[in-house]
Chemist: 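Before I ask anything, here is the structure I am working with.
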Amino acid sequence: MRILLNQTPKSVFINENSMKKFILLFLLVLSFGSISAEKRNLLEKEAQKIDLGQSLVNTFSELNFPKYSDREFWDSLPPQIRNEYIKSAEAALNYNWPSIKATDYLEFVRSGDLRDDIYSAPRSALIALVMGELVEGKDRFLDQIVNGVWFYSEQTWWGWPAHFYLQKALPGLPDVNEPTIDLGVGEVANILSWTWLLFKDEFDKIHPLIAERLKSEVMKKAIIPYYERSDFWWQGLAGGRSVNNWNPWINCNILTAILILEDNQEKKISGVEKVIRSLDRFVNDYPDDGGCDEGPSYWRRAGGSFFQCLNLLSAVTKNKFNIYDNHLVKNIGSYIYKVYIEYPYFINFADADAMTNADANIIFEYGKAINDPSMQKLGAYLAFKQNLGQKMPNGRIDEQILQLMQLKDIEDFHGEDILISHFWLPDIEVGGGRDNSNSSKGFFFAAKGGHNAESHNHNDVGSCIVYYNGKPCIVDIGREKYTAKTFSNQRYNIWTMQSQYHNLPRINGVDQKNGREFKAIHTCYKSDSRQIIFSTDIAQAYPKEAGVKKWERTYLLQRGKRFIIKDSYELKEVVDTTSINLILYCDARKIESGIIRLTGHDYNLDLKYNSNILTPKIEHYNVTDSGLKRYWPEGITRIVFIVNSAAGKGESVIKIMPL
């Protein structure tokens with residue numbers, strides 16, 4: 001059975017009432033699931049301990065970053081990197097800076113199209129020009145850099161249309177009278193601040209109003225609104241709800257802008273103290289096990305951006321600010337290698353990406369800061385896999401400069417593919433392991449309990465993924481390209497968000513429901529040299545219509561032998577079909593009753609089941625979404641095992657083993 005999936009949204013206009021519902025769901029989907037709020041206040045305590053006001057440098061130029069005039073640094077970069085930077089800048093020399101029209105903003109509320117290219121292309125062009133000029137140093141790209149600065153200076157708002165809900169006016173167009181700060185504003189503020197820092201003197205040679213205007217716009221659109229407002233949800237300063245990766249991501253960018261552009265030392269200190277208070281709300285909400293329920297690809301802007309903030313605070317206090325010995329800070333870092341499968345795969349529950357182009361330098365430097373050799377080794381290994389030092393790095397201007405400064409340290413460090421034997425994150429209820437440590441040969445699995453109001457939530461309580469020889473077998477599909485629908489009250493109409501398209505049962509024809517009350521209970525994890533067991537009761541993840549009293553899902557990895565999925569259930573009544581779904585990225589072919597042959601990249605496995613209890617139906621889905629095609633270009637296979645028994649109580653076992 002072949003099914004073509006195309007989730008292109010129909011044209012819809014989001015009216016004011018619909019937008020209010022959209023905003024509510026958007027915040028619920030993005031927030032951490034619980035408002036835990038253990039008041040650790042790690043950063044505020046450290047700021048008081050070191051007397052932040054006395055410790056803070058007076059100017060950003062005191063830090064050891066290479067300036068435009070430091071030709072020795074720029075000229076010493078590897079020739080291939082220099083050439084790539086210059087070619088990239090040359091490609092942007094004739095870039096036609098766009099005029100962002102009212103209809104470009106309105107497109108989001110009209111059709112749900114985020115129009116990413118309109119906002120990302122100018123940002124990429126400016127970064128390319130800045131880096132090219134830094135490397136070449138011949139003034140060839142300066143005029144186009146000025147054009148980029150002027151483009152952003154003339155733009156009403158630097159944010160993204162999906163985030164208009166931050167303003168009080170009706171979404172659709174930015175309100176010039178209410179500057180708000182979202183992810184896009186933070187990113188542009190950072191990039192422009194660094195552009196000012198690097199080229200202010202060169203701008204003044206062209207015209208004194210360029211640098212003056214640039215600084216004025218960043219102050220007006222980002223820094224002053226941050227000073228004046230404490231009610232942006234992502235700041236966490238107004239109380240009432242939890243925060244997510246937006247907090248350290250935006251705070252890192254605003255902190256950078258304040259440190260570079262604020263001339264008044266008292267205001268600078270006050271601004272940095274506010275950033276610290278806001279970051280503490282992120283830390284206070286974070287689970288003690290360091291688990292990121294947004295997933296590894298979002299860790300880059302959660303734990304990763306948090307580290308960037310700590311690194312910057314350390315730098316601007318001449319290494320006095322230091323909380324790297326705190327166990328939570330260590331756990332936030334080590335999370336990233338616990339959920340690593342084998343390059344380029346990471347565990348991808350919820351909206352996370354199956355292949356994560358992790359920031360190798362951040363992982364390396366974070367590991368160095370917390371004295372975690374495994375994290376450092378993985379960072380150096382990922383840098384090698386990503387050809388760091390052979391090609392120009394990615395990211396903002398500051399991120400690229402830092403990577404260039406760290407090239408030798410990473411290159412000289414012996415990297416290793418860190419493949420840990422097992423892991424368990426009890427707070428977010430995610431655990432798993434592999435057949436053998438330090439080897440991707442054989443089985444790897446991960447499973448989750450938790451609840452259905454997690455950040456970037458899918459209805460996936462109790463689901464799992466299974467890889468063999470480091471290649472995907474039983475998978476989490478992930479999410480399609482973001483549209484307005486993704487964060488609307490239609491989110492769970494999207495197939496990838498539904499439990500029937502995860503590795504879960506459909507009980508009496510009913511799927512899991514979204515909401516904090518829909519959760520796993522009695523989740524347990526055990527591991528030893530012979531086996532790993534993960535078990536959880538997922539009955540409460542389903543609404544009452546499912547009529548389920550108990551559904552205990554157990555995953556058993558018998559190391560070096562087989563992987564087992566066992567379901568023990570008790571229904572209140574049988575009113576419709578119950579099935580067990582498996583989502584695969586491999587060929588599935590029934591070779592005889594009770595055996596399905598799974599053939600993937602570098603493996604052949606037999607899936608065995610009791611044909612008296614289960615009847616399989618094999619479906620293939622052609623993936624057309626551009627986001628999903630990055631990971632599953634050959635399409636997805638779903639096996640729907642129909643539970644044959646009409647009894648309300650039963651048990652089923654599925655065994656997967658190599659030939």
Chemist: Do H458 and N452 have side-chain N/O donor and acceptor atoms under 3.5 Å apart?
Modeler: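 No, no side-chain donor-acceptor contact under 3.5 Å.
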Chemist: Check whether S88 reaches the backbone of E84 with its side chain - one donor and one acceptor, N or O, closer than 3.5 Å.
Modeler: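 Such a contact is absent between S88 side chain and E84 backbone.
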Chemist: Look at the aromatic rings of Y555 and F445 and report parallel, tilted or perpendicular, splitting at 30° and 60°.
Modeler: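 Y555 vs F445 ring planes: tilted.
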Chemist: Among L42, N41, V243, exactly one meets side chain to side chain contact (heavy atoms under 4.5 Å, CB included) together with N284. Which residue is that?
Modeler: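 So, applying the side chain to side chain contact (heavy atoms under 4.5 Å, CB included) to N284 and each of L42, N41, V243, only N41 qualifies.
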Chemist: Looking just at side-chain N and O atoms, do Y631 and D353 make a donor-acceptor pair shorter than 3.5 Å?
Modeler: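 The criterion, which ignores hydrogens and geometry beyond distance, is satisfied for D353 and Y631.
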Chemist: Once rounded to the nearest 0.5 Å, what's the spacing between atom CG of L556 and atom CD1 of I565?
Modeler: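 So the gap between those two atoms works out to 11.0 Å.
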Chemist: Can a donor-acceptor pair be found, under 3.5 Å and without considering hydrogens, that links the side chain of N436 to the backbone of S439?
Modeler: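 Flag not set: sc N436 to bb S439 has no pair under 3.5 Å.
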Chemist: Do any N or O atoms from the side chain of N348 and from the backbone of D476 form a donor-acceptor pair under 3.5 angstrom?
Modeler: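 Flag set: sc N348 to bb D476 pair under 3.5 Å.
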Chemist: About how many Å separate CD1 of I521 and NE2 of H451, when rounded to the nearest 0.5 Å?
Modeler: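 So the gap between those two atoms works out to 14.5 Å.
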Chemist: Indicate yes or no: does R301 engage E294 in a salt bridge with an N to O separation below 4.0 Å.
Modeler: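 A salt bridge is absent here (no side-chain N lies under 4.0 Å from a carboxylate O).
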Chemist: Check the side chains of E365 and Q376 for a donor-acceptor pair under 3.5 angstrom, ignoring hydrogens and angles.
Modeler: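 There is no such pair between these side chains.
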Chemist: Answer yes if the side chains of R40 and N326 hold a donor-acceptor pair under 3.5 Å, and no otherwise.
Modeler: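 There is no such pair (donor and acceptor under 3.5 Å, judged by atom type) between the side chains of R40 and N326.
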Chemist: Using the ring-ring contact (aromatic ring centres under 6.0 Å, His included) criterion, which residues pair with F423? Sequence neighbours excluded.
Modeler: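 F423 satisfies ring-ring contact (aromatic ring centres under 6.0 Å, His included) with no residue once adjacent residues are dropped.
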Chemist: Got a salt bridge between K408 and E411, using NZ or NE/NH1/NH2 to carboxylate O under 4.0 Å?
Modeler: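 Looking at E411 together with K408, the answer is no, because their closest N to O distance does not fall below 4.0 Å.
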Chemist: Given side-chain contact (heavy atoms from CB on, under 4.5 Å), test L404 with L407 step by step and report yes or no.
Modeler: CA-CA 5 Å; L404 295 173; L407 284 180; 4.1 Å; yes
Chemist: Given Y501, which partner from the list N581, I477, I636 fulfils the side chain to side chain contact (heavy atoms under 4.5 Å, CB included) test?
Modeler: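 Per the side chain to side chain contact (heavy atoms under 4.5 Å, CB included) rule, the option paired with Y501 is I477, out of N581, I477, I636.
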Chemist: Hydrogens and angles aside, do H502 and D460 bring a side-chain donor and acceptor to less than 3.5 Å of each other?
Modeler: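 On atom types as modelled, these side chains do not qualify, holding no pair under 3.5 Å.
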Chemist: Salt bridge check, R396 against E187: does any charged N sit closer than 4.0 Å to a carboxylate O?
Modeler: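 Judged by the 4.0 Å cut-off on N to carboxylate O distance, E187 and R396 do form a salt bridge.
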Chemist: Would you say Y298 and D293 are linked by a side-chain donor-acceptor pair, where the criterion is simply a distance under 3.5 Å?
Modeler: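 Per modelled atom types, D293 and Y298 side chains form no pair under 3.5 Å.
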Chemist: Would you give the length of the straight line joining atom CZ of R281 to atom CG of L43, rounded to the nearest 0.5 angstrom?
Modeler: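 It is 10.5 Å, given to the nearest 0.5 Å.
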Chemist: Using side-chain heavy atoms (C-beta onward) and a distance below 4.5 Å, is I533 in contact with Y525?
Modeler: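 The answer is no, as the side chains (C-beta and beyond) never meet within the 4.5 Å cut-off.
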Chemist: Among F282, F306, W233, find the residue that satisfies the ring-ring contact (aromatic ring centres under 6.0 Å, His included) test when tested with W246.
Modeler: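 The passing option is W233.
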Chemist: Just to verify, what does Y345 make a ring-ring contact (aromatic ring centres under 6.0 Å, His included) with, not counting sequence neighbours?
Modeler: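 Counting only residues at least two positions away or on another chain, Y345 forms a ring-ring contact (aromatic ring centres under 6.0 Å, His included) with Y467.
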Chemist: Within the side chain of Y340, is there an N or O that forms a donor-acceptor pair under 3.5 Å with the backbone of Y343?
Modeler: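 Yes; at least one donor-acceptor contact below 3.5 Å.
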Chemist: Quick one: pull up CG in D602 and SG in C473 and give me the separation to the nearest 0.5 Å.
Modeler: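 Answer rounded to 0.5 Å: 12.0 Å.
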Chemist: One pair to check against side-chain hydrogen bond (donor to acceptor under 3.5 Å, both in side chains): Y85 and Q400. What are the steps and the verdict?
Modeler: CA-CA 11 Å; Y85 269 131; Q400 294 194 37; 2.7 Å; yes
Chemist: Determine which pairs satisfy side-chain hydrogen bond (donor to acceptor under 3.5 Å, both in side chains) with at least one residue from residues 312-325, sequence neighbours left out, and list them in order.
Modeler: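 Passing the test, one end in residues 312-325: S314-N319.
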Chemist: Dump the intermediate steps for side-chain hydrogen bond (donor to acceptor under 3.5 Å, both in side chains) on N469 and H601, then the final yes or no.
Modeler: CA-CA 9 Å; N469 291 340; H601 297 274; over 6 Å; no
Chemist: Check whether any side-chain N or O of Y335 sits under 3.5 Å from a backbone N or O of C292 as a donor-acceptor pair, and report yes or no.
Modeler: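 It does hold such a pair.
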Chemist: Side-chain donor-acceptor pair under 3.5 Å between S334 and D372, yes or no?
Modeler: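 Looking only at side-chain atoms, D372 and S334 do not form any donor-acceptor pair under 3.5 Å.
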Chemist: Using a 3.5 Å cut-off and no angle test, enumerate the donor-acceptor pairs between side-chain atoms of residues 383-394 and protein atoms at least two apart in sequence or in another chain.
Modeler:
{"unit_1": "Q386", "atom_1": "NE2", "unit_2": "N357", "atom_2": "OD1", "d": "3.2"}
{"unit_1": "Q386", "atom_1": "NE2", "unit_2": "A358", "atom_2": "O", "d": "2.8"}
{"unit_1": "Q390", "atom_1": "OE1", "unit_2": "Q80", "atom_2": "NE2", "d": "3.2"}

Chemist: Run the side-chain contact (heavy atoms from CB on, under 4.5 Å) check on R559 and I532 step by step: do they pass?
Modeler: CA-CA 8 Å; R559 296 186 194 256; I532 302 174; 3.4 Å; yes
Chemist: Is it the case that the side chains of T523 and R553 hold a donor-acceptor pair, with the cut-off being a distance below 3.5 Å and no angle test?
Modeler: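 T523 and R553 do not have a side-chain donor-acceptor pair below 3.5 Å.
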Chemist: Compute the ring centroids of F444 and Y468, then answer whether they are less than 6.0 Å apart.
Modeler: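 No, they do not, as the ring centres are separated by 6.0 Å or more.
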Chemist: What distance do K39 atom NZ and D285 atom CG have between them, rounded to the nearest 0.5 Å?
Modeler: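 So the gap between those two atoms works out to 9.0 Å.
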Chemist: Please evaluate residues D351 and M497 with respect to the criterion side-chain contact (heavy atoms from CB on, under 4.5 Å), reporting the C-alpha separation (whole Å), side-chain torsions for both, the decisive distance (0.1 Å), and the verdict.
Modeler: CA-CA 9 Å; D351 277 357; M497 310 295 176; 3.8 Å; yes
Chemist: I'd like to know whether S278 forms a side-chain hydrogen bond (donor to acceptor under 3.5 Å, both in side chains) with N247, so could you lay out the CA-CA distance, the side-chain angles of the two residues, the decisive distance to 0.1 Å, and finally the verdict.
Modeler: CA-CA 7 Å; S278 179; N247 178 286; 3.2 Å; yes
Chemist: Run the side-chain hydrogen bond (donor to acceptor under 3.5 Å, both in side chains) test on S499 and Q512 for me, step by step, so that the C-alpha distance in whole Å, both residues' side-chain angles and the decisive distance to 0.1 Å come before the verdict.
Modeler: CA-CA 6 Å; S499 60; Q512 290 187 8; 5.1 Å; no
Chemist: Identify, with sequence neighbours excluded, every residue that meets salt bridge (Lys or Arg N to Asp or Glu O under 4.0 Å) alongside D51.
Modeler: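 In terms of salt bridge (Lys or Arg N to Asp or Glu O under 4.0 Å), with neighbours along the sequence ignored, D51 is linked to no residue.
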Chemist: I want to know whether W194 and F65 have ring centres closer than 6.0 Å.
Modeler: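 Centroid separation for W194 and F65: below 6.0 Å.
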Chemist: For the residue pair S305 and C252, what are the closest heavy atoms and their distance?
Modeler: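 Shortest heavy-atom contact: O-CB, 4.3 Å.
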Chemist: Under the 3.5 angstrom rule, does the side chain of R300 hit a backbone N or O of T356 as a donor-acceptor pair?
Modeler: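 Looks like no, no N/O pair under 3.5 Å.
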Chemist: When rounded to the nearest 0.5 angstrom, what is the spacing between CD1 in I656 and CD1 in I564?
Modeler: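 I656 atom CD1 to I564 atom CD1 measures 10.0 Å (nearest 0.5 Å).
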Chemist: Output all residues satisfying ring-ring contact (aromatic ring centres under 6.0 Å, His included) with W249, sequence neighbours left out; order by chain, then residue number.
Modeler: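 By the ring-ring contact (aromatic ring centres under 6.0 Å, His included) rule, W249 matches no residue at all.
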Chemist: We want to know whether N514 and N457 form a side-chain donor-acceptor pair, criterion being a heavy-atom distance below 3.5 angstrom.
Modeler: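 N457 and N514 do not have a side-chain donor-acceptor pair below 3.5 Å.
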Chemist: Within the side chain of N331, is there an N or O that forms a donor-acceptor pair under 3.5 Å with the backbone of D288?
Modeler: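 Flag set: sc N331 to bb D288 pair under 3.5 Å.
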